[in-house]
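Report on the structure given below.
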Amino acid sequence: MKIKKKIFFKIHSWIGMQLSILFFIVCFSGTLATLSHEMDWLFIPESRAVPQKEMASKNQIVSNFSKKYPNATFSYWEHSREPYLCDIISKRENNQTSYVFANPYTGKIQGESQLTFQRFFRDLHYYLFFPFQQIGNYVVLIFGFLLLISLLTALTFYKKWWKKLFQLKIGKGNLVFFRSLHRLVGLWSIPFILLISLTGTWYFLERANVADIKQNGNTERPEVYYTLAEKDSLKEINAINLDFDRALNVAKETIPELKPGTMSVTENYLYITGKSDVPLVRERANRIYLNPINYKPIKVQNAEDIGTVMYINDIADPLHFGYWGGLTTKIIWFFFGLAISSLILTGIWITLKRKAIKRKGNKQKVMGKWRYVNWGLCAAITLYMYYIIISGYQASNRAIAVISIGWIIFIALGYYIFVYRLSKVIEKN
């Protein structure tokens with residue numbers, strides 16, 4: 001039994017230590033992503049809305065959009081999930097995309113941004129700005145398995161862990177304190193860690209289409225066949241001249257109590273998603289494909305009728321990011337995300353100090369060659385991040401400055417805590 005516990009401890013420590021920086025970036029970016037819309041509200045005044053009883057006509061919003069951007073069009077319209085935020089319309093002009101903020105109550109176009117906090121943290125957490133997005137996505141998803149393994153291995157070598165839910169040792173030195181804090185935070189975070197790791201694992205299985213989860217968990221897009229006359233009519237239709245008010249009325253008649261989520265315009269149909277009375281599921285659980293000529297439904301998916309695999313697939317996002325209950329659950333998820341991030345930091349500190357003290361005599365580096373892997377990946381992520389936000393998003397100087405300040409603070413704190421401060425502690429031993 002002791003040998004097995006030692007093995008589990010080594011596995012737990014290896015995951016948290018050798019992949020420490022990358023692990024922290026994945027967890028911390030996901031934590032910030034939970035409140036990224038609220039960061040937009042805080043730092044981008046144009047994204048704010050004051051709730052009112054009446055909603056503006058969608059057609060009026062499109063008219064205001066067209067007047068302000070006469071040479072632009074759009075293909076994607078995201079309705080605000082929160083009453084204090086504007087709708088976001090993905091504007092396309094001169095082969096460049098930007099995010100336009102439309103007040104859902106007044107219909108006013110309040111401004112635009114090349115890059116939002118929501119988009120930045122979504123991309124960072126989704127694929128870490130790896131040069132090949134699919135590879136980066138799989139790298140992130142692998143950490144769902146690693147987080148689950150970290151939890152299970154910890155429970156095997158902590159003796160009677162349920163009796164230590166209120167135990168925090170202070171006054172016995174930094175190492176004892178951080179070990180106690182690491183255990184305490186970890187114990188209280190068990191349900192949340194389990195939820196995040198299981199949903200992360202599900203994402204991996206869905207992405208890799210294990211057991212046909214990807215096929216069974218997503219609705220196939222409809223194949224639409226039009227007559228020659230209809231094809232000629234389609235050529236004249238674009239997002240600017242569509243009747244969105246009519247389209248939404250048809251959608252609400254098709255799925256009662258539907259609250260619009262997103263609207264997408266393609267060459268063949270108008271695609272609408274939204275929330276209904278079915279709890280927990282994401283907006284894509286309700287899907288309506290409309291004929292853009294006569295606004296008749298081509299294909300309908302009602303969340304009440306979906307199967308088990310599809311239901312699990314559609315509750316994964318709300319449970320993983322915590323937006324299923326509005327601002328309240330997002331704040332709860334944010335603080336538990338900070339707890340997981342702190343587990344990584346305290347775990348790194350504990351392991352580094354223990355190893356550093358043991359290796360002090362022979363002057364070996366505590367992380368060995370893995371320090372090059374971690375800092376090398378961090379450097380690669382940073383360089384390609386700037387490439388994406390500058391050449392891809394063409395972000396403003398202000399956005400680049402904000403991102404740079406945040407990144408510098410992150411690297412500086414990491415160096416101060418785990419290089420400078422740790423070396424000082426070791427010198428005292």
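Along the sequence shown, residues carry numbers from 1. In this text, all values refer to a predicted model and were calculated from it rather than measured experimentally.
In this structure, Ser13 contributes its side chain and Lys10 its backbone to no donor-acceptor pair below 3.5 Å.
Phe410 and Phe24 have their aromatic ring centers within a separation under 6.0 angstrom. Aromatic rings of Phe129 and Phe120 (six-membered ring for Trp) have centroids within the 6.0 Å cut-off, being under it. Here the two rings, on Phe336 and Trp188, have centers that are 6.0 Å apart or farther. Aromatic pair Tyr387/Tyr384: ring centres closer than 6.0 Å.
Rounded to the nearest 0.5 Å, atoms CH2 (Trp77) and CD1 (Ile88) are 12.5 Å apart.
No salt bridge links Glu112 with Lys68; every basic N to acidic carboxylate O contact stays at or beyond 4.0 Å. Remark: Asp245 does not engage Lys58 in a salt bridge, criterion side-chain N to carboxylate O under 4.0 Å.
When only modelled atom types and interatomic distance are considered, Gln133 and Tyr126 share no side-chain donor-acceptor pair under 3.5 Å. Checking Ser276 against Asn286 by side-chain atom types alone, a donor-acceptor pair falls below 3.5 Å.
Using cut-offs of 30° and 60° for the angle between ring planes, the Tyr289 and Tyr271 rings count as parallel.
For the pair Arg81 and Tyr323, the distance from NZ or CZ to the six-membered ring centre is under 6.0 Å and the angle to the ring normal is within 45 degrees.
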